[in-house]
Each structure stands twice: as structure tokens, then as C-alpha cells.
Amino acid sequence: MSEKTIFKRIIDQEIPADILYEDDLCLAFRDISPQAPTHVLVIPKKEIVSVATIADEDQALIGHLYLVIRNIAKQLELDNGYRVVVNCGTEGGQAVDHLHFHLLAGRQLTWPPG
Ligand code: AMP
């Protein structure tokens with residue numbers, strides 16, 4: 001069996017995280033190395049490696065994650081806007097092989113990304 005990812009270890013409560021929200025399907029916690037004043041990660045509890053391996057049956061789950069992101073943004077009063085980023089694969093800059101949505105806010109974000 002392959003090794004657990006760091007995010008699976010957070011889900012399994014083997015390592016701590018600054019958790020903002022949790023339900024049966026997902027977990028949201030603060031990024032350990034924030035790239036903006038607000039940097040939250042939203043992850044499914046289901047072990048999905050990346051966008052590339054989302055299954056058709058995950059459609060409702062992915063929609064749920066976006067509603068959770070919307071709710072967190074509202075709760076954190078990110079009224080000036082925010083960015084949701086999903087890195088996928090090596091050239092996409094993905095470091096952790098467990099699907100995660102970055103919620104970034106609190107400063108003017110630039111485009112294009114690096
Ligand atoms: P990515 O590069 O898209 O795979 O993003 C992985 C993110 O996970 C990075 O922003 C890391 O700072 C973050 N990260 C890694 N380990 C932890 C941890 N133990 N707790 C919270 N965030 C983490």
C-alpha cells in the first residue's frame with residue numbers, strides 16, 4: 001500500500017491542522033505556508049489524487065466543495081474578493097497528491113500566476 005499523504009494524515013487526525021470547517025465529505029484548514037493573508041485549503045475526505053482523477057460519480061462532491069468554499073469566504077468576510085486555485089500535476093505545481101482547493105484572499109492577487 002502506498003504511503004498516506006500529509007492531507008490524509010490530517011483527515012485521520014494523525015497530525016494537527018488549524019481546521020475551520022469539517023463535515024462528512026470534506027475538511028477546510030489553514031495552509032501551513034500561507035501565500036496571502038487568508039490561505040485556506042479545502043479537501044475532500046475521499047482520497048482523490050488530483051483533478052485528473054476525479055470520477056464521474058464525484059460530481060456532487062466537487063459541487064459540495066465549491067459551496068463550502070463559498071460559505072467559508074462569506075464567514076471570513078472576504079468581501080473584496082478571493083481566488084480559488086487547484087494545481088494539477090507536475091507542471092501545474094501540485095505538491096500534495098490529494099485533491100485540494102486553495103482559497104486565497106486579503107491582498108491584490110496578480111495575473112498571470114507564476
Ligand atoms: P499544492 O502545491 O497545490 O500541492 O499545495 C499544497 C499546499 O499544502 C501548500 O500550499 C502547502 O503549504 C500546504 N501544506 C503542506 N503541508 C501542510 C500541512 N501539514 N498543513 C497545512 N498545509 C500544508
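Note that ligands are numbered from 1 as they come in the structure, with each ligand's atoms numbered from 1 the same way. One-based numbering along the sequence shown.
Contacts between Leu41 and ligand 1, counted as non-hydrogen atom pairs separated by less than 4.0 Å, involve the side chain only. In Arg30, the part holding a heavy atom less than 4.0 Å from any atom of ligand 1 is the backbone. Counting heavy atoms closer than 4.0 Å to ligand 1, residue Asn87 contributes side-chain atoms (C-beta onward) but none from N, CA, C or O.
Expressed to the nearest 0.5 Å, how far CG of Asp31 lies from CG of Leu103 amounts to 11.0 Å.
Residue contacts with ligand 1 include Gly93, since one of its heavy atoms falls under 4.0 Å from the ligand. Using a 4.0 Å heavy-atom cutoff, His100 is listed among the residues neighbouring ligand 1.
Atom 20 (N) of ligand 1 has Ile32 CB, 3.7 Å as its closest protein atom, hydrogens excluded (heavy atom only). Scanning the protein heavy atoms around atom 9 (C) of ligand 1, the nearest turns out to be Asp31 OD2, 3.3 Å. What sits closest to atom 8 (O) of ligand 1 on the protein, heavy atoms only, is Phe7 CZ, 3.3 Å.
By the 6.0 Å contact criterion, CG on Asp18 is enclosed, its count of non-hydrogen atoms from other residues, nucleotides or ligands being greater than 12.
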Can you check salt bridge (charged side-chain N to carboxylate O under 4.0 Å, His left out) on Asp12 and Lys4, steps first, answer last? CA-CA 10 Å; Asp12 291 345; Lys4 278 187 188 183; 2.7 Å; yes
Might you work through the salt bridge (charged side-chain N to carboxylate O under 4.0 Å, His left out) test for Lys8 and Glu14, ending with a clear yes or no? CA-CA 9 Å; Lys8 177 62 176 161; Glu14 292 174 6; over 6 Å; no
So His100 and His102, ring pair (Phe, Tyr, Trp, His ring centres under 6.0 Å) or not? Walk me through it. CA-CA 6 Å; His100 50 283; His102 297 259; 5.1 Å; yes
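Shown in contact with Gln94 at under 4.0 Å from a heavy atom are these atoms of ligand 1, numbered in order with element: 4 (O). Listed by number with element, the atoms of ligand 1 under 4.0 Å from a non-hydrogen atom of Ala95 are 1 (P), 2 (O), 4 (O). In summary, the atoms of ligand 1 found under 4.0 Å from a heavy atom of Ser33, numbered by their order in the structure, are 12 (O). Each of the atoms 4 (O), 6 (C) of ligand 1 lies under 4.0 Å from some heavy atom of Val96.
Ring geometry, Phe7 versus Phe29: the interplanar angle exceeds 60°, so the pair is classed perpendicular (tilted spans 30 to 60°).
Looking only at distances, a side-chain donor or acceptor of Gln94 sits under 3.5 Å from a matching main-chain atom of Val96.
Classification of Arg9 and Glu3 as a salt-bridged pair fails, no side-chain N sitting under 4.0 Å from a carboxylate O.
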